[in-house]
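Throughout, protein chains are lettered first and strands after them, A, B, ... in sequence-line order, and every chain is numbered starting at 1. Keep in mind that the numbers below use all heavy atoms, side chains included, and drop hydrogens, waters and symmetry copies.
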Amino acid sequence: MPDGLLKSSITVPDKPALEGLEQKWTARWDADATYQFDRSRPRAEVYSVDTPPPTVSGSLHVGHVFSYTHTDVVARFQRMRGKAVFYPMGWDDNGLPTERRVQNYFGVRCDPSLPYDPSFVAPDKPPKQAIAVSRPNFIELCARLTAEDEKVFEHLWRYLGLSVDWQMTYATIGRRAQRISQLSFLRLLTRGLAYQVEAPTLWDVDFRTAVAQAELEDREQPGAYHRIRFAAADGAAAVGVEIDTTRPELLPACVALVAHPDDERYRPLFGTDVITPLYGVKVPVRAHPLADPEKGTGAAMICTFGDVTDVIWWRELGLPVRAVIQPNGALKPVRFGEAGWESSDAARAQQHYDQVAGLSAVKARVRVVEQLRESGDLLGEPRPITHAVKFYEKGDRPLEILTSRQWFINTMDQREALLARGRELQWHPPYMQARFENWVNGLAGDWCVSRQRFFGVPFPLWYKVGADGSIDYEARLLPSEARLPLDPSTDVPDGYRPEQRNQPGGFAGDPDVMDTWATSSLTPQIAARWEEDADLFARVFPMDVRPQAHDIIRTWLFDTVLRSHFDFDALPWRHAAISGWVLDPDRKKMSKSKGNVVTPMGLLEEHGSDGVRYWAASGRSGTDTAFDPGQMKVGRRLAIKLLNASKFVLANHEPQGAVTAAVDRGLLASLAAIVRQSTDDLEQYHYTRVLERTESFFWSFCDDYLELVKGRRYGDQGAALAASANTALLTALSAMLRLFAPFLPFVTEEVWSWWHESSIHRATWPTAAEVLGPGGGADDARGIEALQFAAAVLGAIRKKKSEEQRPLKTPVAVAVVRAPAALLALLPDVEADLRAAGLIQRLETAPAAALEVEVTLVAAEPVIRDPQP
RNA sequence: GGGCGGUUAGCUCAGUUGGUAGAGCACCGGCUUUACACGCCGGCUGUCACAGGUUCGAGUCCUGUACCGCCCACCA
């Protein structure tokens with residue numbers, strides 16, 4: 001029984017309505033475990049989804065509703081195709097956004113040096129002065145707040161009708177995610193694919209943490225070129241070098257000047273030394289091909305570190321480090337004259353520097369410029385410019401580059417292998433693969449995965465502390481995998497006692513947490529319960545699809561491919577379904593402020609979940625889509641129409657019998673073709689076409705077919721032909737509802753329940769053979785033509801009535817159908833239906849080259865109007 | 001500077017191997033038609049961005065240009 005269990009009798013409400021369907025059916029689906037994953041099925045019969053875990057510290061906006069609907073449509077289709085759908089839901093509650101939200105919400109700040117206070121209770125209202133709490137206390141607050149957020153999210157997802165298995169949830173800060181993150185990391189470490197190194201690192205001075213290349217963004221900022229003179233070291237006054245810089249405050253960090261090897265202006269100076277203004281520090285003039293003769297004066301100041309190019313020069317020219325920026329962004333104290341800070345006039349240098357030490361970069365810049373002006377080393381006035389500056393995407397101040405000890409995961413060596421993985425993956429739409437290749441080809445360094453933050457997955461290891469109390473980072477103490485997850489700030493390495501923490505001869509925990517992407521990149525492993533539930537893992541991994549938006553191809557998609565490549569030497573999924581964004585009507589990305597005005601729940605309540613899903617499903621893979629409440633209204637109308645048309649079809653379903661009438665066969669044959677195309681399209685993630693075609697078919701079903709068979713189904717042409725109509729109606733309705741079910745889960749379930757015991761979402765996806773029934777295909781081409789012919793004649797009659805502004809129930813005195821002989825030959829098949837539907841009293845035919853219908857209406861009754869006063 | 005998409009009706013968009021330009025919305029007109037007034041019927045609307053080329057024939061294929069959007073790189 002493809003349709004599921006039939007009820008013993010059909011019950012149709014008098015006035016079917018959409019109101020309340022969301023509550024009614026979400027409760028039923030939950031009670032019936034309609035979307036529960038059947039884990040008895042082998043991998044070949046499973047369709048598994050690597051659902052994107054939304055960031056719970058943010059709020060859900062229209063874009064989420066949009067893209068999650070796409071995934072749900074495909075998941076529902078696969079379920080109806082007979083697959084056991086593994087459709088988990090994760091919550092991304094790990095990382096900086098949560099930290100910030102918790103700080104503001106509770107009025108606390110994390111101080112990792114404090115001990116855990118089990119009796120700590122957060123105040124009702126956040127105090128003005130933030131309360132310092134320990135890392136475990138802080139994490140408890142994070143967990144508490146995210147748990148509340150997750151409830152709100154889950155409610156919205158259920159209301160939207162996502163067919164998620166709510167037994168299968170995870171959180172990126174949860175125990176499982178921590179264990180898997182740590183496990184994968186330890187294995188990478190053992191294989192030499194993760195390593196720790198002290199090196200220049202991108203650094204956010206507000207969050208005081210390292211960040212990764214993938215988390216950068218450019219912002220246009222005002223700045224200025226300052227031309228500064230460096231005197232020659234040997235005192236030859238005529239010789240000096242002028243440079244342009246936008247960061248004069250880094251002058252004390254200058255370690256060399258650089259120009260292009262072929263630049264004739266500077267060739268004589270290569271190998272000589274110059275003296276920094278203000279500080280009198282001797283720095284060499286060097287040659288490097290990355291220096292651009294066209295920029296500024298052609299010579300540049302190399303500082304440790306002003307930008308990424310400085311790092312390259314520093315490394316390739318073997319220059320020393322002379323760092324001045326501290327982790328908090330302020331200039332650190334420096335003693336001129338000491339090693340590394342030798343000066344030709346240490347007292348003068350110190351006097352200048354003391355005025356900027358402790359200042360932020362921006363304030364120091366102002367002061368340094370004043371000093372340069374006073375000393376006469378600033379040539380001309382600063383020339384204002386606007387230039388792009390690198391920011392951490394969540395940060396407020398430009399990134400600095402600091403030398404620090406960080407963990408990295410090897411990526412640069414894997415480029416070729418990753419490009420091959422990208423080609424192996426099936427992208428929807430295919431052109432999104434180019435984004436991936438672009439990113440891989442543009443990688444500038446290995447992935448920095450350590451963050452100097454608190455609410456994240458800790459690195460699961462310790463270091464030995466030497467007899468002198470210093471940490472020996474080479475002497476790592478690694479736990480056994482069985483101990484994971486663990487927190488080295490509270491857990492103790494094997495063979496040590498808690499009192500030995502941070503003591504000479506004892507141990508110290510790694511202080512950092514992992515980049516949130518280092519955990520998110522393991523979502524397939526987390527959802528599939530890697531190394532915990534081997535049976536489940538084998539049934540769902542590698543997964544079938546990763547749905548996600550295009551802006552995080554460089555992060556989430558790339559990182560996940562990388563981790564799976566390392567952990568399994570395989571792709572984590574076969575398909576990547578890339579969704580677009582929701583745009584404001586003015587074509588800008590839907591802004592957060594606007595997203596908050598138009599809340600998803602408000603939209604769902606106003607237009608109905610089916611109406612909103614209808615709009616969402618009109619957005620093709622990869623294509624940005626305009627926010628359009630008009631389409632939601634259209635979707636809602638479609639849902640209402642489904643209720644009413646279904647009511648009509650089911651109102652009179654007896655007798656049933658063989659489908660023999662031409663238009664009936666034509667209807668089912670057309671529908672069979674749609675079923676075939678829809679199945680193919682959905683297999684290829686082309687869901688928009690399926691909705692369009694099905695909708696278009698459904699409207700012509702209502703407008704033409706229903707009108708044509710209205711009389712016959714009640715027995716006007718005898719029981720056999722009534723049976724033909726009723727069977728065709730019921731067959732078509734059943735198939736259409738199932739075609740609509742992935743898109744409009746609520747209204748289709750409601751209608752289905754009028755005559756079925758079980759859920760439409762567990763029903764079998766329709767097939768062409770089922771729709772055509774026994775003997776299908778015999779006369780179907782003729783049937784399709786007959787139906788189209790009849791609809792065309794009916795349309796001509798309506799047009800005439802409309803033109804003459806007469807009611808549609810006006811009888812037709814004479815209808816002359818002129819058409820080619822082949823068409824006219826179909827007339828006997830449809831004549832009775834046509835006469836009834838068009839109220840045609842006399843039907844004549846004549847041969848003609850093209851179809852043309854001449855309609856003469858019966859004379860109108862004289863209209864008697866009351867005389868106007 | 002490199003890459004990727006886009007440009008079709010007032011708006012949002014389809015257009016699948018090249019064969020007379022489509023849908024919905026909006027707009028206009030009409031209709032109480034026992035499934036639906038949360039409805040029904042009908043109508044109006046186009047130099048398919050521009051310029052070349054291939055072809056009997058181009059929205060569709062090729063070349064170039066312009067504009068819009070996104071990604072990346074450079075940013076002394």
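Side chain of Glu750(A) to main chain of Leu21(A): no donor-acceptor pair is present (N/O by atom type, distance under 3.5 Å, no hydrogens or angles). Judged by distance alone, with hydrogens and angles left aside, the side-chain atoms of Thr748(A) form a donor-acceptor pair with the main-chain N or O of Leu744(A) at under 3.5 Å.
Across all strands, Asp292(A) comes closer than 4.0 Å to base atoms (heavy-atom distances). Residue-level contact check: Lys633(A) touches neither bases nor backbone, having no heavy atom under 4.0 Å from any strand. Among the heavy atoms of the strands lying under 4.0 Å from Ala299(A) is at least one base atom, whether or not backbone atoms are also near.
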- side-chain hydrogen bond (donor to acceptor under 3.5 Å, both in side chains) between Arg219(A) and Gln221(A), worked out: CA-CA 6 Å; Arg219(A) 293 184 202 160; Gln221(A) 296 283 308; over 6 Å; no
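Between the P atom of rC31(B) and the NZ atom of Lys809(A) lies a distance of 12 Å, rounded to the nearest Å. The interatomic distance linking Phe436(A) (CZ) with rC71(B) (P) rounds to 18 Å, in whole Å. Straight-line distance from the CG atom of Leu557(A) to the C1' atom of rC4(B): 16 Å, rounded to whole Å. Between Ile553(A) atom CD1 and rG3(B) atom C1' there is a gap of 13 Å when expressed in whole angstrom units. Between Asp628(A) atom CG and rA14(B) atom P there is a gap of 13 Å when expressed in whole angstrom units. If you measure from atom CZ of Arg435(A) to atom C1' of rG3(B), you get 9 Å, rounded to the nearest angstrom. The distance from atom CG of Leu691(A) to atom C1' of rC13(B) is 13 Å, rounded to the nearest whole Å. The CD atom of Gln805(A) sits 5 Å away from the C1' atom of rG30(B) (whole-angstrom rounding).
Nucleotide rA66(B): paired with rU7(B) (Watson-Crick or G-U wobble, both distances less than 3.5 Å). Base pairing of rG18(B): no nucleotide in any strand meets the Watson-Crick or G-U wobble criterion (both distances under 3.5 Å). For rG1(B), the paired base is rC72(B) (Watson-Crick or G-U wobble, both distances below 3.5 Å). Remark: rA23(B) base-pairs with rU12(B); criterion is Watson-Crick or G-U wobble with both hydrogen-bond distances under 3.5 Å.
One C1' atom belongs to rG3(B), the other to rU20(B), and the distance between them is 39 Å to the nearest Å. Spacing between rG46(B) and rC50(B) at atom P, rounded to whole Å, works out to 15 Å. To the nearest whole angstrom, the two C1' atoms, one in rU7(B) and one in rU60(B), are 15 Å apart. rG53(B) and rC71(B): their P atoms are spaced 38 Å apart (whole Å). Spacing between rC48(B) and rG59(B) at atom P, rounded to whole Å, works out to 7 Å. The same atom, P, is picked in rG57(B) and in rG15(B); the two are 26 Å apart, to the nearest Å. As rounded to the nearest Å, rU63(B) and rG24(B) have P atoms that lie 36 Å from one another. When the C1' atom is used for both rC61(B) and rG18(B), the distance is 8 Å, rounded to whole Å.
For Asp833(A), the side chain to side chain donor-acceptor pair (under 3.5 Å) partners are Arg712(A), Gln717(A), not counting sequence neighbours. When the salt bridge (charged side-chain N to carboxylate O under 4.0 Å, His left out) test is applied to Arg554(A), no partner is found at least two apart in sequence or on another chain.
Atom NE2 of His288(A) sits about 8.0 Å away from atom CD1 of Ile302(A), to the nearest 0.5 Å.
A salt bridge does not link Arg689(A) with Asp680(A): none of the charged nitrogens is closer than 4.0 Å to a carboxylate oxygen. Looking at Lys801(A) and Glu803(A), no side-chain N of the basic residue comes within less than 4.0 Å of a carboxylate O on the acidic one, giving no salt bridge.
The phosphate of rG6(B) (OP1 or OP2) has no side-chain N or O of Thr623(A) nearer than 4.0 angstrom.
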- Starting at the 5' end of nucleotides 34-42 of chain B, put B wherever the base has a protein heavy atom under 4.0 Å, S where only the sugar-phosphate does, and a dash everywhere else. -BB-BSSBS
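Remark on RNA chain B: of its neighbouring residues Ala388(A) and Leu216(A), the 5'-side contact belongs to Leu216(A), judged by nearest-heavy-atom nucleotide. Residues Lys801(A) and Ala259(A) both approach RNA chain B. Their nearest nucleotides, taken by heavy-atom distance, put Lys801(A) toward the 5′ side.
Applying the 3.5 Å distance criterion, the base of rC74(B) shares a donor-acceptor pair with the side chain of Asp218(A).
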